[in-house]
Amino acid sequence: MKLNSANVNVMIKACRKASKTLIRDFGEIENLQVSIKGPGDFVTASDKKVEKILIEELQKARPNYSILSEEIGEINKDESFRWIVDPIDGTSNFLHGIPHFAISIGLEHNNEIICGIIYDPIKDEMFIAEKGNGAYLNNQRIRVSSRTKLKDCMICTGGPKYGSVNRELSMEEYKKFSSRVLVPIRKLGSAALDMAYVASGRCDGFWTRNLNYWDIAAGIILIKESGGFVTDFYGENKYIENKTILVTNSKINNEMIEVLK
Ligand code: IPD
Ligand code: CA
Ligand code: CA
């Protein structure tokens, strides 16, 4: 049984509180699917509500920390500590009533992510990692998988998402990848959970383009603390600048880089 640091406890508390609203709102979606107006506005409002609760809780506990959150952007305070928040990662799933989305919070200290939480409120799965303290799913230690050959693996990716230009993996890139390797590819719709699934060995790798920092902040520490690798498509550390991210169990890293070339 691990001992959470005070900052991890702050994140857990904020997640638990916000997830009550999230679960309640998700229950409403089914009714709205069949209404003429659809659930679009409701989901936007829910996203903002969840974000507000998270930020209020985080600020209450740590009034001096800065925040970067998807909907409201930056709140600049203390320069050394910053929360990175995605209130709902997997909004398209949420909107369609598909129970696969998560709250994601990372904590940066001097520009390095030192702890992170990815919480799937529907499955009640809480993925937590802290620098030097390992990665956990509901208090059980998790590790990346040990598969060494890409052909035996399960790989996750994002997109393609039409309607927003060049936001994600292009259809050409997806086809190129799948024609090169015969490997099951999953597009589950939440980058945060994709990373959590690699950290817990459910999937072996994840690659995508054009993600934002709040999509991956908590995932980065989960992967590092579970024994995986996070790089860009070229195996370098520049996944933020280059806007390409490759996450693996470490063993298939070189093979993935070759295939993505
Ligand atoms: C999205 C999800 C999705 C990924 C998109 C992200 P959102 O985040 O992580 O899996 O493919 O690129 O924008 O919009 O649901 O917070
Ligand atoms: Ca989001
Ligand atoms: Ca997101």
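Worth knowing before you read on, the calculation uses all heavy atoms, side chains too, and leaves out hydrogens, waters and symmetry mates. Read the numbers this way: they start at 1 and go in the same order the structure lists the ligands and their atoms. Each residue takes its place number in the sequence, starting with 1. Computed from a predicted model, the values in this text were never measured in an experiment.
Aromatic ring centroids of Y239 and F233 lie 6.0 Å or more apart. H100 and Y197 have their aromatic ring centers within a separation under 6.0 angstrom.
Under 4.0 Å from ligand 1, heavy atoms of A191 appear from its side chain as well as its backbone. Heavy atoms of N212 found under 4.0 angstrom from ligand 1: none, in either backbone or side chain.
Checking only distances, S92 never comes within under 3.5 Å of ligand 1, N or O to N or O. Residue contacts with ligand 1: G189 is placed with a nitrogen or oxygen under 3.5 Å of a nitrogen or oxygen of the ligand (distance criterion only). The shortest N or O to N or O distance between I88 and ligand 1 is under 3.5 Å. Note: no N/O pair closer than 3.5 Å links G158 and ligand 1 by distance alone.
Judged by distance alone, the side chains of D78 and S80 do bring a donor and an acceptor atom under 3.5 Å apart. Inspection of the Y213 and E108 side chains reveals an N or O donor paired with an N or O acceptor under 3.5 Å. Under the 3.5 Å distance criterion, with hydrogens and angles disregarded, no donor-acceptor pair is assigned to the side chains of S104 and D89. In this structure, a donor-acceptor pair under 3.5 Å is present between the side chains of N7 and R62.
Residue T91 has at least one heavy-atom neighbour below 4.0 Å for each of these atoms of ligand 1: 7 (P), 14 (O), 15 (O), 16 (O). For ligand 1, the atoms closer than 4.0 angstrom to any heavy atom of D86 are 16 (O). Near G90, the atoms of ligand 1 lying under 4.0 angstrom from a non-hydrogen atom of the residue are 7 (P), 15 (O). Shown in contact with E70 at under 4.0 Å from a heavy atom are these atoms of ligand 1, numbered in order with element: 16 (O). Distances below 4.0 Å separate heavy atoms of D89 from the following atoms of ligand 1: 1 (C), 2 (C), 7 (P), 8 (O), 9 (O), 15 (O), 16 (O).
For D47, every N, O or S atom stays at 3.0 Å or more from the Ca ion (ligand 2). Metal site remark for the Ca ion (ligand 2): G90 contributes no N, O or S atom at a distance under 3.0 Å.
Formation of a donor-acceptor pair under 3.5 Å by the N249 side chain with backbone atoms of R147 is found in this model. Between the side chain of K251 and the main chain of K149, no donor-acceptor pair closer than 3.5 Å is present.
For the pair R16 and Y119, the cation-pi criterion (under 6.0 Å, within 45° of the ring axis) is fulfilled.
Summary: OD1 is the N/O/S atom of D86 found nearest to the Ca ion (ligand 2). No other N/O/S atom of D215 lies as close to the Ca ion (ligand 3) as OD1 does. D89 has its closest N, O or S atom to the Ca ion (ligand 3) at the position named OD1. E70 contributes OE1 as its N, O or S atom closest to the Ca ion (ligand 2).
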Checklist entry - Could you walk me through whether N76 and S66 pass the side chain to side chain donor-acceptor pair (under 3.5 Å) check? => result CA-CA 5 Å; N76 290 315; S66 296; 4.7 Å; no
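Taking 4.0 Å as the cut-off between side-chain N and carboxylate O, E51 and K48 do not count as a salt-bridged pair.
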